[in-house]
Student: 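Submitted below is the structure of interest, expressed as structure tokens.
Order of the sequence lines fixes the chain letters, A, B, ..., with proteins taken first and strands second; residue numbering starts at 1 for each chain. Just so you know, these numbers use all the heavy atoms, side chains as well, and skip hydrogens, waters and symmetry mates.
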Number of protein chains: 2
Amino acid sequence: MSGHRNPAVAVDVALVTIVDDRLAVVMVRRNQDPHRSQWQLPGGFVRLDESLDDAAGRVLREKAGINDVYIEQLYTFGAVDRDQRERVISVTYVALVTADRVADEFPDVALAFIEHAEHAATLALIVEGKSAAVAFDHADIVGLVVKRLRGKLAYVPIGYELLPERFTLLQLQRVHETILGRTLNKDSFRRTMLASGDLEPTGERQSDVGHRPAALYRYATTSL
Amino acid sequence: MSGHRNPAVAVDVALVTIVDDRLAVVMVRRNQDPHRSQWQLPGGFVRLDESLDDAAGRVLREKAGINDVYIEQLYTFGAVDRDQRERVISVTYVALVTADRVADEFPDVALAFIEHAEHAATLALIVEGKSAAVAFDHADIVGLVVKRLRGKLAYVPIGYELLPERFTLLQLQRVHETILGRTLNKDSFRRTMLASGDLEPTGERQSDVGHRPAALYRYATTSL
DNA sequence: ATAATAGTGTCTCTAAGACATTATATT
DNA sequence: AATATAATGTCTTAGAGACACTATTAT
């Protein structure tokens, strides 16, 4: 078809979760050059016989032991020199998962907390309390991940992906606040969510909470 | 690095404009199989020494004679069988341009009007009055283009890209209505736009319009 | 004068924010 | 009883929609 060589195509997946009201992303420690011992997103090359979405799913499974999560394509990074070894185009994905499903027994895998410097363009990834060196352009990718999640939250119900099946309104609000990086008005949040039609009362309540127990809701699967 | 072969990577660009209050996209007629004589978006393979963004700009220049327009990445299509000849991953872009800048002297290039079937998931591309056959998955791409533009319009001032340098509020409203596919409230649109800070009065007015002439505005380059 | 759209002023309605009050669990 | 959060009700405020009225040009 053409005399040109083809670039390599990789998928990199930002698997995002929330731990203690903090946003975190699963990262893998590199054990070879370049960027040896730095942290990168789970990724891999796309095979000729699998779609991009399938490749992203496979990467999640192989590198992080995760299956069946919310995942969507984010952006494709294609600067010429983003990998110094060869030309690599990276199709990136965002995935959301509850913290309890993040397998911590995987080697060289860690949760990196995403910290926003005050009004700064950059963000820091904190692994085990220390600011982590990030390989390639993966810090840019995580930056875009946060932007995407914030933008999406206003009109797509993605908060449920980060909560157990049954949850209270306050838990949902905390998830939104963690993603947005700011506090929300409780009354307004409550009204908006209940009016959205996305919530379904389970009829159950919390227990053992030391105060009036909140009603538990689940995500209303809008199977019309 | 790996024993795998690499897929081909193409960029396809949806160059969108508005003619007579109708949304249109530039398409190129194929003169070889597969899909011979069907219409496709201007596209080309990514060279190893150019970024994705550069490749998109080059495609616009070479295939449609267009330079210096608003352009942004849309989505990357990667189904295994989207091109029956070989594995091709397509990084797609949306570009916006005023109708007068669309070069009509290019061979095999035509403006395809985008028509929305009532509440249908699909859309039709009309070339010279007839519904056009679209090659590959490019109809899906155009469908996503419309979705993206609609979503973006609410919070990013992209309407200006489809208007001459000086324009009236009603012209801007028509652009928004054309993209959204519905009428907008005039009073509210006017207030919202003037309050946005994106508009700068030129002090000039229309002439030869057969009615009270409207004030002409320009896009306020927010050079803080 | 007439036609046609521009532009202003005002009223209503809806949704968000603020805040007060009552309810219900654990300790 | 004390404490802590849940849940409800009401008031205020901001913005969108509706609509009436005035303004300004070409014919």
Side-chain angles (χ1 to χ4, degrees), chain A residues 20-21 150-151 153-157 159-160 163-220, chain B residues 18 20-21 150-157 159-160 163-220:
Chain A
D20 298 334
D21 289 344
R150 287 180 175 178
L153 198 55
Y155 61 100
V156 183
Y160 313 110
L163 287 170
E165 197 224 332
R166 284 175 295 187
F167 51 87
T168 69
L169 283 173
L170 189 58
Q171 285 178 312
L172 183 59
Q173 183 175 345
R174 293 282 175 264
V175 167
H176 281 236
E177 290 175 337
T178 299
I179 292 175
L180 295 175
R182 62 187 177 87
T183 58
L184 295 173
N185 182 281
K186 180 182 170 182
D187 308 80
S188 176
F189 183 83
R190 184 180 185 78
R191 271 183 305 217
T192 307
M193 284 301 139
L194 290 175
S196 73
D198 294 331
L199 287 177
E200 191 175 75
T202 64
E204 299 170 64
R205 310 186 139 266
Q206 290 178 306
S207 59
D208 298 316
V209 282
H211 53 77
R212 176 174 176 179
L216 291 168
Y217 293 85
R218 73 164 64 86
Y219 176 60
Chain B
I18 290 182
D20 298 334
D21 290 344
R150 286 181 176 178
K152 195 141 189 163
L153 199 54
Y155 61 101
V156 183
Y160 313 110
L163 287 170
E165 197 225 332
R166 286 175 294 185
F167 52 86
T168 70
L169 283 173
L170 189 57
Q171 286 177 312
L172 183 59
Q173 184 177 344
R174 292 284 174 263
V175 167
H176 281 237
E177 290 176 338
T178 299
I179 292 175
L180 296 175
R182 62 187 176 88
T183 58
L184 294 173
N185 182 280
K186 180 183 168 183
D187 309 80
S188 176
F189 183 82
R190 185 179 184 77
R191 271 183 304 219
T192 308
M193 283 302 139
L194 290 175
S196 73
D198 293 332
L199 287 177
E200 191 175 74
T202 63
E204 298 169 64
R205 306 184 142 266
Q206 289 178 308
S207 58
D208 300 314
V209 282
H211 55 75
R212 175 172 176 178
L216 291 168
Y217 294 84
R218 74 163 65 84
Y219 176 59

Student: According to the interplanar angle, ranging from 0 to 90°, do the rings of A/H176 and A/F189 count as parallel (below 30°), tilted (30 to 60°) or perpendicular (above 60°)?
Tutor: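 Plane angle over 60°, so perpendicular.
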Student: Measure the distance from CG on A/D208 to C1' on C/dA25 and round it to the nearest whole Å.
Tutor: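 Rounded to the whole Å, the gap is 10 Å.
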Student: Heavy atoms, side chains only, cut-off 4.5 Å: are B/T168 and B/Y217 in contact?
Tutor: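 B/T168 vs B/Y217: side chains apart.
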Student: What's the closest nucleotide to the B/H211 side chain, out of D/dA18, C/dA25, C/dA4?
Tutor: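 So the nucleotide nearest the side chain must be C/dA4.
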Student: Carefully, step by step, assess B/R182 and B/E177 under the rule salt bridge (Lys or Arg N to Asp or Glu O under 4.0 Å).
Tutor: CA-CA 5 Å; B/R182 62 187 176 88; B/E177 290 176 338; over 6 Å; no
Student: To the nearest 0.5 Å, what is the distance between CD on A/E200 and OH on A/Y219?
Tutor: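 Answer for the CD-OH pair, A/E200 versus A/Y219, is 11.0 Å.
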Student: Is B/T192 close enough to D/dA16 that one of its side-chain N or O atoms is under 4.0 Å from OP1 or OP2 there?
Tutor: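 Answer is yes, contact under 4.0 Å.
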Student: OP1 or OP2 of C/dG7 sitting under 4.0 Å from any side-chain N/O of B/K186?
Tutor: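 No.
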Student: Please tell me which of A/V209 and A/D187 maps to the more 5' nucleotide of DNA chain C, matching each residue to the nucleotide holding its nearest heavy atom.
Tutor: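 Comparing both residues, the 5'-ward one is A/D187.
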Student: So for atom CG, which belongs to A/D20, do other residues, nucleotides or ligands contribute more than 12 heavy atoms lying within a distance under 6.0 Å?
Tutor: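 Incorrect, the count does not exceed 12.
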Student: Is the phosphate of C/dG7 approached by B/R190 (side-chain N or O, under 4.0 Å from OP1 or OP2)?
Tutor: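 Answer yes for this pair, as a side-chain N or O of B/R190 is under 4.0 Å from OP1 or OP2.
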Student: Atom CD of A/Q171 and atom C1' of D/dT5: how far apart are they, to the nearest Å?
Tutor: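 So the CD-C1' distance, A/Q171 to D/dT5, works out to 13 Å.
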Student: Below 3.5 Å, does any donor atom in the side chain of A/R191 face an acceptor in the base of C/dG17, or the other way round?
Tutor: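 Looking at the base of C/dG17, it does pair with a donor or acceptor on the side chain of A/R191 (distance under 3.5 Å).
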Student: In terms of the nearest nucleotide of DNA chain D, which residue is placed more toward the 5' end: A/L194 or A/G210?
Tutor: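 Taking each residue's closest nucleotide, the earlier one in sequence belongs to A/G210.
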Student: In whole Å, I'd like the distance from the CE atom of A/M193 to the P atom of C/dA16.
Tutor: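 So the two atoms are 10 Å apart, to the nearest Å.
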Student: May I ask you to say what A/A215 touches in the nucleic acid, namely base, sugar-phosphate or nothing, with a heavy-atom cut-off under 4.0 Å?
Tutor: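 Answer is sugar-phosphate: A/A215 comes under 4.0 Å of backbone atoms only.
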Student: So which nucleotide from C/dT5, D/dT25, D/dA26 ends up closest to the side chain of B/P213?
Tutor: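 Looking only at heavy atoms from C-beta outward on B/P213, the closest nucleotide is D/dT25.
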Student: Whole-Å distance between C/dA16 C1' and A/L184 CG?
Tutor: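 Going from CG in A/L184 over to C1' in C/dA16 covers 12 Å.
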Student: Select from B/S188 and A/A214 the residue whose nearest nucleotide in DNA chain D is closer to the 5' end of that strand.
Tutor: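 Closest to the 5' end, via its nearest nucleotide, is A/A214.
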Student: Side chain of B/R212, base of C/dA4: donor and acceptor closer than 3.5 Å?
Tutor: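 Donor-acceptor pair under 3.5 Å: no.
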Student: Tell me which nucleotide among D/dT5, C/dG17, D/dA26 gets nearest to the side chain of A/L170.
Tutor: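 Looking only at side-chain atoms, A/L170 lies closest to D/dT5.
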Student: What is the distance, to the nearest angstrom, from the CZ atom on B/F189 to the P atom on D/dA18?
Tutor: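 Rounded to whole Å, this separation is 16 Å.
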Student: What is the separation between atom CG on A/L172 and atom P on D/dA7, rounded to the nearest whole Å?
Tutor: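 Value for this atom pair: 13 Å.
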Student: If I take atom CZ in residue A/R205 and atom C1' in nucleotide C/dA23, what distance separates them, rounded to the nearest angstrom?
Tutor: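 Taking CZ of A/R205 and C1' of C/dA23, I get 9 Å after rounding.
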Student: How many Å lie between CG on B/N185 and C1' on C/dC13, as a whole number?
Tutor: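 From B/N185 CG to C/dC13 C1': 13 Å.
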